[in-house]
Amino acid sequence: MNGISGIVQNKVLMVSILCWFVAQCLKVIFTMIQYRRFDFSRFVGSGGMPSSHSSFVVGLANSIGLVEGYQSTFFALALVFALVVMYDAAGVRQSVGKQATILNQIFEILKNHGGSGKEYEKLKELVGHTPLEVFFGALLGIVLSYVII
């Protein structure tokens with residue numbers, strides 16, 4: 001098994017990609033339900049329910065655990081990787097989103113009060129995840145990996 005055929009036959013990798021894809025599709029569906037409009041950017045964008053980052057890395061870790069064993073070094077590595085990604089998604093990147101919201105408000109006030117005349121590009125506010133979004137992303141990764149592996 002070389003090249004593309006080997007990659008496609010790697011069940012662990014395919015499950016991980018499927019976890020990401022399903023999470024991104026769910027974001028589009030939830031946006032359609034909530035705002036009654038189709039927003040393609042939700043398919044490729046970060047942030048929102050469920051966390052595709054969490055789904056991707058937890059699907060990877062659990063698939064490795066199922067294939068290689070939960071006692072394996074590979075599973076330990078994947079689990080630590082997943083925990084770092086989930087911490088980052090709910091901690092650091094969520095804080096970045098909150099800071100972007102505040103900066104956008106400041107830019108708007110400056111613009112409305114004759115600021116420097118410089119146009120500010122609005123910063124992306126939906127960057128990270130709430131702990132609940134991370135939890136449901138991880139749960140999606142666990143469920144899909146058990147179903148498929």
Side-chain angles (χ1 to χ4, degrees), residues 1-108 118-149:
M1 284 190 290
N2 294 346
I4 299 295
S5 66
I7 291 172
V8 171
Q9 291 179 3
N10 184 329
K11 208 168 190 179
V12 169
L13 180 60
M14 292 298 109
V15 168
S16 301
I17 292 170
L18 180 67
C19 289
W20 169 85
F21 182 78
V22 170
Q24 290 299 109
C25 288
L26 286 172
K27 289 180 190 184
V28 172
I29 292 168
F30 293 155
T31 299
M32 287 174 57
I33 292 168
Q34 185 176 6
Y35 298 106
R36 305 215 188 285
R37 65 179 170 83
F38 178 78
D39 184 358
F40 181 77
S41 71
R42 296 307 308 131
F43 183 71
V44 294
S46 60
M49 173 68 88
S51 166
S52 57
H53 288 88
S54 297
S55 181
F56 184 71
V57 296
V58 170
L60 172 70
N62 198 50
S63 294
I64 289 172
L66 290 166
V67 170
E68 301 289 333
Y70 292 101
Q71 79 289 350
S72 72
T73 303
F74 296 120
F75 173 72
L77 178 65
L79 180 62
V80 169
F81 173 68
L83 293 172
V84 168
V85 168
M86 291 187 298
Y87 174 79
D88 179 69
V92 176
R93 289 189 317 113
Q94 186 184 30
S95 293
V96 167
K98 289 178 181 178
Q99 292 169 1
T101 300
I102 293 168
L103 286 171
N104 285 335
Q105 291 169 352
I106 292 169
F107 292 156
E108 193 62 31
K118 180 181 178 193
E119 287 296 318
Y120 296 100
E121 183 179 332
K122 187 174 181 185
L123 300 170
K124 184 176 179 184
E125 296 176 7
L126 188 56
V127 179
H129 294 283
T130 65
L132 192 62
E133 292 167 344
V134 169
F135 172 78
F136 279 108
L139 185 62
L140 179 63
I142 291 169
V143 169
L144 287 176
S145 59
Y146 270 117
V147 168
I148 297 168
I149 297 284

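Counting begins at 1 with the first residue of the sequence.
Leu26 CG to Phe136 CZ: the interatomic distance, rounded to the nearest 0.5 Å, is 11.5 Å. Atom OG1 of residue Thr101 and atom CD1 of residue Ile106 lie 11.0 Å apart, to the nearest 0.5 angstrom. Taking NZ from Lys11 and CG from Leu66, the interatomic distance works out to 10.5 Å, rounded to the nearest 0.5 Å. Taken to the nearest 0.5 Å, the SG atom of Cys19 stands 9.0 Å off from the CZ atom of Phe56. A distance of 9.5 Å separates OG1 of Thr31 from CZ of Phe38, quoted to the nearest 0.5 Å. Expressed to the nearest 0.5 Å, how far OG of Ser55 lies from CG of Leu144 amounts to 6.0 Å.
Open room surrounds CZ on Phe74; 12 or fewer heavy atoms of other groups in view lie less than 6.0 Å from it.
The side chain to side chain donor-acceptor pair (under 3.5 Å) test applied to Ser63 returns no partner, not counting sequence neighbours.
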side-chain contact (heavy atoms from CB on, under 4.5 Å) between Leu83 and Met86, intermediate numbers included
CA-CA 5 Å; Leu83 293 172; Met86 291 187 298; 3.8 Å; yes

Report the C-alpha distance between Val28 and Gln24 in whole Å, list the side-chain angles of each, state the deciding distance to 0.1 Å, and finish with yes or no for side-chain contact (heavy atoms from CB on, under 4.5 Å).
CA-CA 7 Å; Val28 172; Gln24 290 299 109; over 6 Å; no

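When ring centroids are compared, Phe43 and Phe21 come within the 6.0 Å threshold.
Listed here is the closest heavy atom pair of Lys27 and Met49: CG-O, 3.3 Å. Considering all non-hydrogen atoms of both residues, Ile64 and Phe75 come closest at CG2-N, 3.5 Å. Residues Ala138 and Ser54 approach most closely at N-CB, 3.7 Å, considering heavy atoms. Counting all heavy atoms, side chain and backbone alike, Asn62 lies closest to Ile142 at ND2-O, 3.7 Å. The heavy-atom pair separating Val8 from Met14 by the smallest distance is O-CG, 3.3 Å. Closest approach of Ala90 and Val134 over heavy atoms only: CB-CG2, 3.7 Å.
Between Pro50 and Phe30 the shortest side-chain heavy-atom distance falls below 4.5 Å.
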